[in-house]
Amino acid sequence: MVKSDFFLNFGNSILASFLGAISVFAFIVAAIITIGLLYVIVRYLLVTTRAAQVYIDLNAPAKPAPVAPAAPAAAKAAPAKAPVAKTTAAKAAPKSTTPKA
């Protein structure tokens, strides 16, 4: 005998039909809860990943400046200049730090 009804068991008791309907309802509720939990978890992971990237962008140490390539050996062999005599210069007066009114 082929059953054409999903939860209505004709020919059996009314209790079997009622329990079949309850099991279908429970399955639908469980499916909705599962889909909702998956949505919340995926959304949480996306938001926290973006927040972590923003945090790293704001708080990462500064990247060092690129190093210039070394000068060729011929440029280093330039003739040395004559030393300049040191002179003592007068020290400049320190700036005033009082606020202006």
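Note that the structure is predicted; figures quoted are calculated from it, not measured. Throughout, numbering of the chain's residues begins at 1 and tracks the sequence. Every heavy atom of this structure was used, including side-chain atoms; hydrogens, water molecules and symmetry mates were not.
With sequence neighbours excluded, the residues that form a side chain to side chain contact (heavy atoms under 4.5 Å, CB included) with Ile33 are Val29, Leu37. Considering only residues two or more places apart in sequence or on other chains, Val54 meets the side chain to side chain contact (heavy atoms under 4.5 Å, CB included) condition with Arg50, Leu58. In terms of the side chain to side chain contact (heavy atoms under 4.5 Å, CB included) criterion, residue partners of Leu46 (sequence neighbours excluded) are, by chain and number, Val42. Under the side chain to side chain donor-acceptor pair (under 3.5 Å) criterion, Asn59 pairs with no residue, sequence neighbours left out.
Applying the under-4.5 Å side-chain rule to Ile, Leu, Val, Met, Phe, Trp and Tyr, the cluster around Ile35 consists of that residue alone.
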